[in-house]
Amino acid sequence: MSVMPSFEELGLSGPVLRAVTRAGYDEPTQIQAQAIPEALQGKDIVGASQTGTGKTAAFSLPIVCKMGPSTKPQCLVLEPTRELAAQVEDQMNLFSYYKPLNVMLLHGGVGYGHQIEALENKPDVIIATPGRLLDHMEKGNIDLSEVRFLVLDEVDRMLDMGFLPDVKRIIDQCPKERQTLFFSATMPGAIQTLAQWALNEPISVEVGGRQSPAETVTHAFYPVGMDQRDDLILALIQKTGYDSMMIFTRTKKEADTLLVRIKEIEGTKPTALHSDIKQSDRTKALQGFRDGTFNIIVATDIAARGLDISGVTHVINYRVPENPEDYVHRIGRTGRAQQEGDAFTILTADELENAAAVEHFIDQKIERKKLEGFDYAYTALLEENPQPVRKRRPAPKRRR
Ligand code: AMP
């Protein structure tokens, strides 16, 4: 039996409530139940929440509800990547279906012309990446003097990408009298300092462990010798009954090389997503992956954070991520909204320490599996208890 209050009980009303019904949401998620009533009362919020928990609706619904008529932008949402910004735009449009708002997207990688026109067209909501927004601000194309709602989303990612100084300059140009909603999966010192500066007596909202991946995901490591990494991943793809698969590589070059090899497998419809691919092709790749034109997407971590792609049945890591948090974000692409998902990670001897770090981070031992029928060359990794390979220290220089 559900004990979750209804959207109506959270205080949403009229057109926004109808839009929620139209979106097919039966009941609020936990973060929505916690954040919406507070946000409706005008409180600042600092939220930590796993991806896939309904965070976007948690901040968008109350804002759409509270927006009134204005000739200047009232709401500014900052996102670290173009893809995330586009995703928030979709949701804002969904939630303002019965209360039409002029929502505009502002990010780099595309021309200025259309953006300047759209800015002249009096947007109510601007969803932006920091760099391009600052460009427009410096050119005097944008007036933030009536922003009442400021959303800083995926702040830790913005920190990783070096955007914090830009973000501070943008916040500085927003009115002091405003409501600020702040979301970050982790809270290192620099982010706490930013939150203290940007927020006014915030309410804290935290859903689930910060580091727990979706519980519906089954994890497995596939140990293999280094020279068989590619063959194993290709065999794994062939033998796996997937509907939709995301493969994460560490580098753009790995993604490109792997894409070429996957194309050779019959039945695959692969594409790639990374930052060297031009924006229009990135949009096409993502759109095609969402609508089923592609059933495999090979991506670097740019695609890992927060992207909402439903129905991803499998995530494969080409290498064990060096940063255990990235593992959680990557596998956050599968097992969303209570669906089942599998996360496979190819494991080679040089990555045992990273693997142990991932297991420690998610507080779970990950099963080692062998792919049946694969012609393994011998590697000590396939033994029961392999020892981590110690990084070799350079030999001391000899004096002559
Ligand atoms: P997010 O964490 O904002 O990326 O949302 C993840 C997914 O959950 C998106 O596809 C949302 O449309 C969906 N979603 C958000 N809230 C609800 C809800 N209350 N009921 C069902 N699906 C939801």
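Heavy-atom basis, side chains included; hydrogens, waters and symmetry copies ignored. Remember, it's 1-based here, ligands and their atoms both numbered in the order they're listed. Counting begins at 1 with the first residue of the sequence.
Checked for salt-bridge contact, Asp281 and Lys284 meet the test: a charged N lies under 4.0 Å from a carboxylate O. A salt bridge links Glu154 to Lys55: one of the charged nitrogens lies within less than 4.0 Å of a carboxylate oxygen. Here Lys72 does not pair with Glu120 in a salt bridge; the nearest charged N to carboxylate O distance is not below 4.0 Å.
Looking at ligand 1, you'll find an N or O of Tyr25 within less than 3.5 Å of one of its N or O atoms. Considering both main-chain and side-chain atoms, Lys55 comes within under 3.5 Å of ligand 1 through a nitrogen or oxygen pair.
Atoms of ligand 1 lying under 4.0 Å from at least one heavy atom of Gln91, given by number and element, are 9 (C), 11 (C), 12 (O). The ligand atoms of ligand 1 that sit less than 4.0 angstrom from a heavy atom of Thr56 are 1 (P), 3 (O), 4 (O).
Nearest heavy atom pair, residue Asp326 against residue Pro321, reads CB-CB, 4.0 Å. Contact detail for Gln279 and Glu83: the closest heavy-atom pair is NE2-OE2, 4.4 Å.
Distance alone, capped at 3.5 Å, is enough to place a donor-acceptor pair between the Glu9 side chain and the Ser6 backbone.
Among Ala23, Gly54, Ser60, the residue whose heavy atom sits closest to atom 2 (O) of ligand 1 is Gly54.
Heavy atoms of Glu27 found under 4.0 angstrom from ligand 1 belong exclusively to the backbone. The proximity of Phe7 to ligand 1, defined as any non-hydrogen pair under 4.0 Å, is limited to the side chain.
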